*Asks:* 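My questions will all concern the structure given below.
None of the values given here were measured: they were computed from a predicted structure.
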Amino acid sequence: MKAKNLDDSNGMRVQEWETVTGVLDSGITQAPDTGGPNRYTTWLTTINGDETPHVTPVGAAWVDGVFWFQTGDTTQKAKNIARDPRSVMSVSAHDFDLVVEGVAEKVDDAAAVARVAAVWAEGGWPCAVDESGIGLTAPFNAPAVGPAPWRVYRITPRSAVSVSTVEPGGTTRWTFTEA
């Protein structure tokens, strides 16, 4: 991993990736007055067929060092990912705003789907793995994702930029190298 201070002209520090992931690992709540920013916090950007950005709020979870989200196969984001998997997840936390670039992958590993479904259920969305072992069902979801079953996707970070929202401030870009 390489870290670069994008605000070094002002003498700002390089942020520690472990500090950012520590916040993500603890969970970022959207419910009012529960310690989170009290607003929708995660936004997914994919690339439309005409190469314009498609930005939409999603109920993403950070689990095991990657972002996870779910959607129906007929949604614009699912169609975009099938055509071009390059994606960006943006998240706002109390201490920073973070943009993570990576490739969105549809998850066919039943154990991984079950793990992230349990995280979402613990967080208040009562989802469950369907009979196929790789789809999700729940009593409710955002209307725009279509009917169940919903498929799970993950975005593994290739690069990230964090803008600190607390003193002493700073903006850092990380580039992750593959082993």
*Asks:* State, to 0.1 Å, how close Ala60 and Trp120 come at their nearest heavy-atom pair, and which atoms those are.
*Replies:*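 Answer, listing the atom of Ala60 first, then Trp120: C-NE1, 4.2 Å.
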*Asks:* Tell me whether Met1 shares a hydrophobic cluster with Phe67, the cluster being built from Ile, Leu, Val, Met, Phe, Trp, Tyr side chains joined at under 4.5 Å.
*Replies:*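 Yes, Met1 and Phe67 fall within the same hydrophobic cluster.
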*Asks:* Taking atom CZ of Phe69 and atom CG of Leu44, what is their separation to the nearest 0.5 Å?
*Replies:*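 Rounded to the nearest 0.5 Å, the CZ-CG separation comes out at 4.5 Å.
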*Asks:* Indicate yes or no for a side-chain donor-acceptor contact from Thr21 to the backbone of Leu24 under 3.5 Å, with no hydrogens or angles considered.
*Replies:*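 It does not hold such a pair.
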*Asks:* Using a 4.5 Å cut-off on heavy atoms from C-beta on, say whether the side chain of Leu6 contacts that of Val161.
*Replies:*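 Yes, at least one pair of side-chain atoms sits under 4.5 Å.
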*Asks:* Which heavy-atom pair separates Thr75 from Ala144 by the least distance, and what is that distance?
*Replies:*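 Closest approach of Thr75 to Ala144: CG2-O, 3.4 Å.
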*Asks:* Is there a donor-acceptor pair under 3.5 Å between the side chain of Trp68 and the backbone N or O of Val63?
*Replies:*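 Present.
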*Asks:* In the structure I gave you, are the side-chain heavy atoms of Val58 and Lys77 within less than 4.5 Å of one another anywhere?
*Replies:*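 Answer yes - side chains close enough.
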*Asks:* Salt bridge or not between Asp108 and Arg151? Use side-chain N to carboxylate O under 4.0 Å.
*Replies:*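 A salt bridge is present here (some side-chain N lies under 4.0 Å from a carboxylate O).
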*Asks:* For the residue pair Trp150 and Trp125, categorise the inter-ring angle as parallel (less than 30°), tilted (30 to 60°) or perpendicular (more than 60°).
*Replies:*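 Ring orientation of Trp150 relative to Trp125: tilted.
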*Asks:* Please give me the minimum heavy-atom distance between Gly102 and Arg158, naming the atom from each residue.
*Replies:*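 Nearest pair, atom of Gly102 first, then Arg158: CA-CG, 4.1 Å.
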*Asks:* Got more than 12 heavy atoms from elsewhere within 6.0 Å of CD, Glu131?
*Replies:*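 It does not: Glu131 CD has 12 such atoms or fewer within range.
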*Asks:* May I ask you to check whether Ser92 and Asp97 show a side-chain donor-acceptor distance below 3.5 Å?
*Replies:*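 Their side chains do contain a donor-acceptor pair, which is all the 3.5 Å distance test asks for.
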*Asks:* Please give me the minimum heavy-atom distance between Val116 and Ala61, naming the atom from each residue.
*Replies:*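 Taking every non-hydrogen atom into account, CG2-CB, 4.5 Å.
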*Asks:* Main chain of Phe96, side chain of Thr165: is a donor-acceptor contact present, judged purely on distance under 3.5 Å?
*Replies:*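 Answer holds: yes.
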*Asks:* Might you point out which heavy atoms bring Thr46 and Asn80 nearest each other, and give the distance in Å?
*Replies:*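 For Thr46 and Asn80, the tightest heavy-atom pair comes out as OG1-ND2, 2.9 Å.
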*Asks:* Between Ile81 and Tyr153, is any pair of side-chain heavy atoms under 4.5 Å apart?
*Replies:*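 With C-beta onward as the side chain, the pair touches.
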*Asks:* Please tell me if the side chains of Val113 and Leu136 come closer than 4.5 Å, counting only heavy atoms from C-beta onward.
*Replies:*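 Yes - at least one pair of side-chain heavy atoms lies under 4.5 Å apart.
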*Asks:* Look at Asp64 together with Arg154 and state whether they make a salt bridge at an N to O cut-off of under 4.0 Å.
*Replies:*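 Result for this pair is no, no salt bridge flagged.
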*Asks:* List the atom of Val99, the atom of Ser90, and the distance in Å for their closest heavy-atom pair.
*Replies:*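 Minimum heavy-atom separation between Val99 and Ser90: CG2-OG, 3.9 Å.
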*Asks:* Closer than 3.5 angstrom, by distance alone: can the side chain of Arg83 be matched with the main-chain N or O of Ile47 as a donor-acceptor pair?
*Replies:*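 A pair under 3.5 Å: yes.
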*Asks:* Check whether Val119 and Val152 end up in the same hydrophobic cluster, where Ile, Leu, Val, Met, Phe, Trp and Tyr are linked by side-chain heavy atoms less than 4.5 Å apart.
*Replies:*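 Yes.
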*Asks:* Have a look at Ser87 and tell me which of Val100, Thr45, Val103, Ile155 forms a side-chain contact (heavy atoms from CB on, under 4.5 Å) with it.
*Replies:*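 Only match with Ser87 under side-chain contact (heavy atoms from CB on, under 4.5 Å): Ile155.
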*Asks:* Do the side chains of Asp109 and Arg115 get close enough for a salt bridge, i.e. N-O under 4.0 angstrom?
*Replies:*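 A salt bridge is absent here (no side-chain N lies under 4.0 Å from a carboxylate O).
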*Asks:* May I ask you to test the Pro126-Pro139 pair for a side-chain heavy-atom distance under 4.5 Å?
*Replies:*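 Counting from C-beta outward, Pro126 and Pro139 do come under 4.5 Å.
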*Asks:* Could you verify whether a donor N or O on one side chain and an acceptor N or O on the other, from Thr52 and Asn48, lie under 3.5 Å apart?
*Replies:*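 Their side chains do contain a donor-acceptor pair, which is all the 3.5 Å distance test asks for.
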*Asks:* Should Val20 and Leu98 be marked as a side-chain contact (heavy atoms from CB on, under 4.5 Å) after you check the CA-CA gap, both sets of side-chain angles, and the distance that decides it?
*Replies:* CA-CA 9 Å; Val20 171; Leu98 180 68; 3.8 Å; yes
*Asks:* Any side-chain heavy atom of Phe176 within less than 4.5 Å of one from Lys2?
*Replies:*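 The answer is no, as the side chains (C-beta and beyond) never meet within the 4.5 Å cut-off.
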*Asks:* Roughly how far, to the nearest 0.5 Å, is CE of Met89 from CD of Glu101?
*Replies:*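 It comes to 13.0 Å.
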*Asks:* How long is the straight-line distance from CG of Asp95 back to OG1 of Thr19, given to the nearest 0.5 Å?
*Replies:*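 That separation rounds to 9.5 Å.
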*Asks:* Between Asn141 and Gln70, is there a side-chain heavy-atom distance shorter than 4.5 Å?
*Replies:*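 Counting from C-beta outward, Gln70 and Asn141 do come under 4.5 Å.
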*Asks:* Show the numbers, then the answer: is there a salt bridge (charged side-chain N to carboxylate O under 4.0 Å, His left out) between Asp73 and Lys106?
*Replies:* CA-CA 10 Å; Asp73 284 336; Lys106 190 184 276 189; 3.2 Å; yes
*Asks:* Is it the case that the side chains of Gln15 and Asn5 hold a donor-acceptor pair, with the cut-off being a distance below 3.5 Å and no angle test?
*Replies:*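 Distance-only check fails for Asn5 and Gln15.
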*Asks:* Supply the atom-to-atom distance Lys4 NZ to Thr171 OG1, rounded to the nearest 0.5 angstrom.
*Replies:*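 Lys4 NZ to Thr171 OG1: 12.0 Å, rounded to 0.5 Å.
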*Asks:* Which value, rounded to the nearest 0.5 Å, describes the distance between Phe140 atom CZ and Cys127 atom SG?
*Replies:*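 The CZ atom of Phe140 sits 9.0 Å away from the SG atom of Cys127.
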*Asks:* Do the non-hydrogen side-chain atoms of Ser162 and Trp174 ever get within less than 4.5 Å of each other?
*Replies:*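 Touching, per the 4.5 Å side-chain cut-off.
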